[in-house]
Amino acid sequence: MIDARRLRVLRAVADHRTVTAAAAALYLSPSAVSQQLAALETETGHRLLERNGRGVRLTPAGEILLVHANAVLAQLERADAELAAYASGAAGWLTVASFATGITQVLAPAIAELARTAPDIRVRVRDAEGDESLPMVLDGKADLAVAVEYRGAPAADDRRLFRVPLYAEPFDAVLPLGHPLAGSPRVRLADLADEPWIGPHPGNPCHDVTVLACEYVGFTPRHEHSSDDFHAVVALAAAGAGVALVPRSALRGTGLAGVAVRRVDDARATRKVFAATRRGAEEHPLIRPVLDALRDAVARMHAEEADPAQ
């Protein structure tokens, strides 16, 4: 009989590619992880891991078992959700990881709605970029993530996650006031190919959106300045240090006196925002109301954007 706890260990190693990183994610020692994997290999009668440089990867047998592990763990999440519903367990704490503007755009309004409609549900918020929040959900460190599509993100049909699309927002070009294109109503990314660029660090999903959009029109942006703080990005553009792409919502409340903000012609300069939880947990009586509140917050956001009186 295969121990389901060991399947969680196998999935963590598959996600993190090293025993040490998987152990840290599971709050176990590396030796404990190694012992669990050795026991799992004994249970299955197959070698499940092999060396891959400084890390490890799954063997073909390990890949087969991982498919079943994802299904088993999703079913266990469903069982937990149904038992919680049976016990009328719509009261308690859950943790939501989100990037900063996702917090201001939809998560904080959702929490305010929950305070009125489901006051027994309490939400802990963790500020985390999309490339951090999804691993937090998979590792059990967060119950939900408000995340952004990025290069290397789990695919939309990933069997480990249940996803809810929330919204998409464009990136705007931020130019120094003296830039030759500052007087244009719109900007083509290709016209900025030779400029120095300012933007988030590599690995940040917004960095990926910028690079992919530029690569699509034929160039790789030359990032000379890096900051994950968009206030700092705008300040550097105002100082003439370069140009940038910034999500439109991140420009709200930012001092724009020294820059020109222009629409971008290229539709790929867009970030797609979604909520995600572990597959099988989407009907948990603590998680379902939060997902509904997030969707309601998005609907209100769109209504306010469409109403000029707001």
Side-chain angles (χ1 to χ4, degrees), residues 97-107 109-110 128-134 145-158 161 163-175 181 184-193 195 197-223 226-231 233-234 237 242-254 256 259-276 294-295 297-306:
S98 173
F99 61 102
T101 49
I103 294 172
T104 59
Q105 288 281 95
V106 293
L107 182 53
E129 291 295 340
D131 58 328
E132 300 169 332
S133 61
L134 294 178
V146 177
V148 179
E149 294 283 8
Y150 62 95
R151 195 196 308 253
D157 60 353
D158 191 301
L161 294 169
R163 293 169 44 141
V164 175
L166 293 178
Y167 64 94
E169 68 169 325
F171 281 52
D172 289 326
V174 179
L175 313 173
L181 297 176
S184 303
R186 301 180 73 88
V187 171
R188 294 173 62 250
L189 283 182
D191 292 336
L192 302 176
E195 301 285 345
W197 281 74
I198 312 158
H201 291 89
N204 185 306
C206 289
H207 179 275
D208 287 346
V209 170
T210 297
V211 171
L212 288 171
C214 292
E215 287 178 348
Y216 182 78
V217 298
F219 74 98
T220 299
R222 176 168 48 90
H223 278 95
S226 298
S227 174
D228 290 332
D229 184 335
F230 285 116
H231 291 264
V233 170
V234 171
V243 301
L245 289 182
V246 177
R248 188 165 295 166
S249 64
L251 291 171
R252 294 170 187 160
T254 302
L256 302 175
V259 297
V261 177
R262 297 293 177 260
R263 302 288 177 98
V264 175
D265 277 342
D266 304 274
R268 282 170 176 75
T270 301
R271 69 173 170 184
K272 299 176 182 178
V273 181
F274 60 93
L294 287 169
R295 280 191 285 239
V298 171
R300 290 194 301 273
M301 179 182 72
H302 289 328
E304 291 171 1
E305 290 172 349

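For Arg222, the side-chain hydrogen bond (donor to acceptor under 3.5 Å, both in side chains) criterion is met by Glu224, not counting sequence neighbours. In this view, Ala299 satisfies the side-chain contact (heavy atoms from CB on, under 4.5 Å) rule with no residue, not counting sequence neighbours. Every residue two or more places apart in sequence or in another chain that forms a side-chain contact (heavy atoms from CB on, under 4.5 Å) with Ser98 is listed here: Ile103, Leu107, Val146. Not counting sequence neighbours, the partners of Leu212 by the side-chain contact (heavy atoms from CB on, under 4.5 Å) test are Arg151, Glu215. With sequence neighbours excluded, no residue forms a salt bridge (charged side-chain N to carboxylate O under 4.0 Å, His left out) with Asp228. In this structure Glu169 satisfies the salt bridge (charged side-chain N to carboxylate O under 4.0 Å, His left out) test together with Arg271, sequence neighbours excluded.
For Val233 against Ala244, the heavy-atom pair with the smallest separation is CG1-CB, 3.5 Å. When all heavy atoms of Ser133 and Ala147 are compared, the pair lying nearest together is OG-CB, 3.7 Å. Nearest heavy-atom pair, Val259 versus Val234, reported as atom, atom and distance to 0.1 Å: CG1-O, 3.7 Å. Heavy atoms only, all atoms of each residue included: Arg300 and Pro109 are closest at NH2-O, 3.6 Å. When all heavy atoms are compared, the tightest approach of Ala297 to Ala110 is CB-N, 4.1 Å.
To the nearest 0.5 Å, the span separating OH on Tyr167 from OG1 on Thr270 amounts to 12.5 Å. With values rounded to the nearest 0.5 angstrom, Asp172 atom CG is found 10.0 Å from Leu256 atom CG. Rounded to the nearest 0.5 Å, atoms CZ (Arg248) and CZ (Arg263) are 3.5 Å apart. Atoms CG and SG, on Leu192 and Cys214 in that order, are 7.5 Å from each other to the nearest 0.5 Å. Expressed to the nearest 0.5 Å, how far CG of Leu189 lies from CG of Asp265 amounts to 8.5 Å. Distance check: Leu166 CG to Lys272 NZ gives 13.5 Å after rounding to the nearest 0.5 Å.
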Test side chain to side chain contact (heavy atoms under 4.5 Å, CB included) applied to Asp191 and Leu181, step by step: CA-CA 9 Å; Asp191 292 336; Leu181 297 176; 3.8 Å; yes
Full working for ring-ring contact (aromatic ring centres under 6.0 Å, His included) between His223 and His207: CA-CA 10 Å; His223 278 95; His207 179 275; 4.9 Å; yes
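Considering only heavy atoms from C-beta on, Pro200 comes within 4.5 Å of Phe230 through its side chain. Residues Leu294 and Phe274 are not in side-chain contact: their nearest non-hydrogen atoms beyond the backbone lie 4.5 Å or more apart. Leu175 has its side chain within reach of Val187: a pair of non-hydrogen atoms, C-beta onward, lies under 4.5 Å apart. Annotation: side chain of Val264 is not in contact with side chain of Phe171 (no heavy-atom distance under 4.5 Å). Using a 4.5 Å cut-off on side-chain heavy atoms (C-beta onward), Phe99 and Val273 make contact.
Heavy-atom neighbours of Tyr216 OH from other residues, nucleotides or ligands within 6.0 Å: at or below the threshold of 12.
Ring-plane geometry between Phe219 and Trp197 is classed as tilted, the angle between the planes lying from 30 to 60 degrees on a 0 to 90 degree scale.
With Arg262 contributing its side chain and Ser184 its backbone, the two residues share a donor-acceptor pair below 3.5 Å. Of the possible polar contacts, one joining the Glu132 side chain to the Glu129 backbone as a donor-acceptor pair under 3.5 Å is found.
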